Structures are given as structure tokens and as C-alpha cells.
There are 2 protein chains.
Amino acid sequence: MQRATRRRTVILELLEESAQFLGAQQIHRVLADRGQAMALATVYRALQALTDSGDLDVLRSEEGEHLYRRCPRRDRHHHLVCRACGAAVDLPGGPVEDWVAGLAREHGFVAVTPVVEFHGLCASCLEARGPR
Amino acid sequence: MQRATRRRTVILELLEESAQFLGAQQIHRVLADRGQAMALATVYRALQALTDSGDLDVLRSEEGEHLYRRCPRRDRHHHLVCRACGAAVDLPGGPVEDWVAGLAREHGFVAVTPVVEFHGLCASCLEARGPR
DNA sequence: GTCGATGCAAACAGTTTGCAACCAC
DNA sequence: GTGGTTGCAAACTGTTTGCATCGAC
């Protein structure tokens, strides 16, 4: 069973107050800057545990890094994520899942896990970096 | 400019005759088994070049590995991929892209790149591994 | 002959793991 | 006290890169 240790609480709190998706290394750095340093391996293990227990949402950035977030909605959903700052908009999961469910059945596929993510640039990041 | 070298031709031919998505390491291994061994770095560079020129489709497996395939359809589309053998069914790209385009505009996101993939188990792999 | 392609080995990024010390329950 | 948790360092996976050599045009 999972224990309520100081480290994990700190990580969860950081994600709680962040509306953005954060990477493990980034979390590690932020905590160090705040004087709450811990081993990188601990961050990875905590994020893994918290994800397994369903407390966190994960997605992979375009560079292949795992990004984590405490999502307000607990049900299956998708994300429109800013590739610059990690800000995300939650999108309903229903339409796409229904669409693929029919296709999967039709083609004899089972145990289908949808990976539906949209990476873009949010309004404030676009403005911040100015016209291309 | 890209040159028509022996190595790249061999790689393209292998993908031409395969209906499945293959990983770089897997391609490297298959070619070695066929007596057409080449450096792993060469495989990576060739796949990169072929992808940049639009000759190959890429996607990331659930483990984060890049998988490549020569797709019959040249337009933007999605895939229903078997996580065991790499076999894939092409899905139309339109519906999902239209859906997200509206949402992106609505939330001020630009330059949105959709990542829409479905990983499952195809009928023959399900049968091969028997009941769970 | 020129410039891209290749092999080899080393480097990299992100992540995982073995093991001893540690701490929550 | 027991069993999950942590730190540290080493290992691992997939991939990229520097550099000298080779080969296509």
C-alpha cells in the first residue's frame, strides 16, 4: 500500500497548484529551487505511484518526455496542450472513443487504448514569443 | 539532397513489403538476419531522412519507440495499431481533425499537431496468445 | 571531384533499478 | 518492528552525433 510520506505530499501539492503539465525533471528542479530538494529517482517513483493509483494524468510530450498533471475531471478525457508552457485544455473523451470503438470492433481489435493528444501553442505563449 | 544508395533502398524495400509498423532496432535485426547488415546509426539516419521526405509514416509505440511504415494513403490519417505485431488499420483523419480545429480556435491555440493513435490487440495476435 | 552516406564509438536524454539506510504506521 | 520509501550510483533503452572514410552522381 502507498504511504503518505513528506516527499509525495510535496509533489502532489506542487501539481495541485499547477494548471500545467509538468515533466519529472522540471518538478525536480522546481522543488530544488524551493529548498525542497529530493532525489530525482524519488520524483520518478512518486509520479509513477501517483499515476498508478489514478491521482495523476500522464501524457508524452512530442520529445517523448512524460508530463504529469492533476486533472480536475476524473473521467477519461483528452488534452489540448501548449508545447511551450504545458498549459492544457480538457476535452471530452466521448466522441472520439465512441468513433474508434466501432472501428475497432469492425476490424477485430480488442483492448484498444486511445492516445489522443493535441499539441499546439497557447495564446499567451504565442504572444510572448511574438510573430514568427 | 538525398541520394539513392544501396542501404536506403534496402530499408525502403523491407518496409514496402511489410504491412506492419516496424521499429528501427527491429529493422536493423531483420536486415542482419537476411545478411544485409548495416550500422544501427545508418538505419536511424535513413528512417529519419525517409520520414522527412514524407516517404514514411511514424508513430510512437506505448513504450516510446518510433515505429515506421510505408502507408498506402498519402494524406493525413490515423492508425489502429496492434501492440503485439505492429499490424495497422488506416483510419480517416478528417473527423477528428475537424473536431479539434474548432476547439483549438475557440481556446486560442495555434499550430496544433494532432497525435491520434489507437493501440490494441489484433484478431490474430489475440488468438495466438490465447485467452488471457 | 564534391558532397552526401556510412561505420564506429562515444555521448545523450529520459527513465529504471539494486541496495543499504530510513521512516510511516 | 515491518514493509514501503528514499538516496545514490550504476545500468538501460532508444536515439543522436563527431569524425574519418566511402561512394553516388
Side-chain angles (χ1 to χ4, degrees), chain A residues 1-15 20-32 34-69 81 83 86 115 117 119, chain B residues 1-15 20-32 34-69 81 83 86 115 117 119:
Chain A
M1 194 53 341
Q2 203 172 149
R3 284 180 185 167
T5 79
R6 186 90 203 92
R7 316 281 185 202
R8 299 205 172 171
T9 308
V10 166
I11 291 179
L12 208 46
E13 280 171 0
L14 171 58
L15 283 160
Q20 295 150 253
F21 273 89
L22 302 174
Q25 324 237 14
Q26 191 177 2
I27 291 173
H28 178 251
R29 203 175 330 114
V30 171
L31 292 179
R34 288 189 180 181
Q36 299 183 305
M38 67 182 73
L40 188 50
T42 302
V43 176
Y44 276 109
R45 280 188 278 230
L47 290 172
Q48 178 99 23
L50 291 168
T51 301
D52 288 347
S53 62
D55 291 314
L56 296 181
D57 270 28
V58 217
L59 59 79
R60 289 181 94 97
S61 74
E62 289 166 317
E63 289 79 41
E65 190 182 2
H66 284 124
L67 301 180
Y68 301 84
R69 184 198 193 208
V81 192
R83 63 168 65 89
V115 176
E117 292 151 20
H119 302 274
Chain B
M1 195 57 335
Q2 204 173 149
R3 285 179 184 167
T5 78
R6 186 88 203 96
R7 316 279 184 200
R8 299 204 172 174
T9 306
V10 165
I11 291 180
L12 208 45
E13 281 173 359
L14 171 58
L15 283 160
Q20 295 151 253
F21 273 88
L22 301 175
Q25 322 236 17
Q26 192 177 1
I27 291 173
H28 177 251
R29 204 174 332 113
V30 171
L31 292 180
R34 288 189 182 183
Q36 299 183 303
M38 65 181 75
L40 189 50
T42 301
V43 176
Y44 276 109
R45 279 190 278 232
L47 290 171
Q48 177 99 30
L50 291 168
T51 301
D52 288 346
S53 62
D55 290 314
L56 295 180
D57 272 28
V58 217
L59 59 77
R60 289 182 93 98
S61 74
E62 288 166 317
E63 290 80 40
E65 188 182 4
H66 284 122
L67 302 180
Y68 302 85
R69 183 201 194 204
V81 193
R83 64 169 63 89
V115 176
E117 290 150 23
H119 302 273

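Chain letters run A, B, ... following the sequence lines, proteins first, then strands; residues in each count from 1. Because the structure is predicted, anything quoted here is derived from the model rather than measured.
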**Study point:** Atom pair CZ/CD of B:F21 and B:E65 - distance to nearest 0.5 Å
**Key:** 12.5 Å

Check your understanding: Do B:Q25 and B:Y44 get their side chains close enough for a donor-acceptor pair, meaning under 3.5 Å?
Key -> yes

Could you tell me whether the phosphate oxygens of [N], OP1 or OP2, come under 4.0 Å of any side-chain nitrogen or oxygen in [X]?
X     : N      : value
A:T5  : D:dG4  : no
A:H66 : C:dT15 : yes
B:R8  : C:dG4  : no

Minimum side-chain heavy-atom gap [X]-[Y] below 4.5 Å:
X     : Y     : value
B:L56 : B:L12 : yes
A:L22 : A:R69 : no
A:V43 : A:M38 : yes

Expressed as a whole number of angstroms, how long is the span from [X]:[atom1] to [N]:[atom2]?
X     : N      : atom1 : atom2 : answer
B:R6  : D:dA24 : CZ    : C1'   : 13 Å
A:Q2  : C:dC23 : CD    : P     : 19 Å
A:L22 : C:dG14 : CG    : P     : 14 Å
A:Q25 : C:dG14 : CD    : P     : 5 Å
A:R29 : C:dA13 : CZ    : P     : 12 Å
A:I11 : D:dG7  : CD1   : C1'   : 14 Å
A:H28 : C:dG14 : NE2   : C1'   : 14 Å
B:Q26 : D:dT13 : CD    : C1'   : 15 Å

**Study point:** Heavy-atom pair with the smallest gap, counting every atom of A:L50 and A:S53
**Key:** O-OG, 3.1 Å

Point to revise | Nearest heavy-atom neighbours spanning B:R45 and B:R8 | key: O-NH2, 4.2 Å

Exercise for review: Strictly below 4.0 Å, heavy-atom distances to any atom of DNA chain C: list the hits from residues 41-57 of chain B, or just say none.
Suggested key: B:A41, B:T42, B:R45

Study note, to complete from the structure: Checking D:dG4, D:dC25, C:dG14 against the side chain of A:R3 (C-beta onward), the nearest is D:dG4

Practice item. For A:E63, answer base if it contacts any base atom (sugar-phosphate contacts may also be present), sugar-phosphate if it contacts only those atoms, and nothing otherwise; contact means non-hydrogen atoms under 4.0 Å. Key: nothing

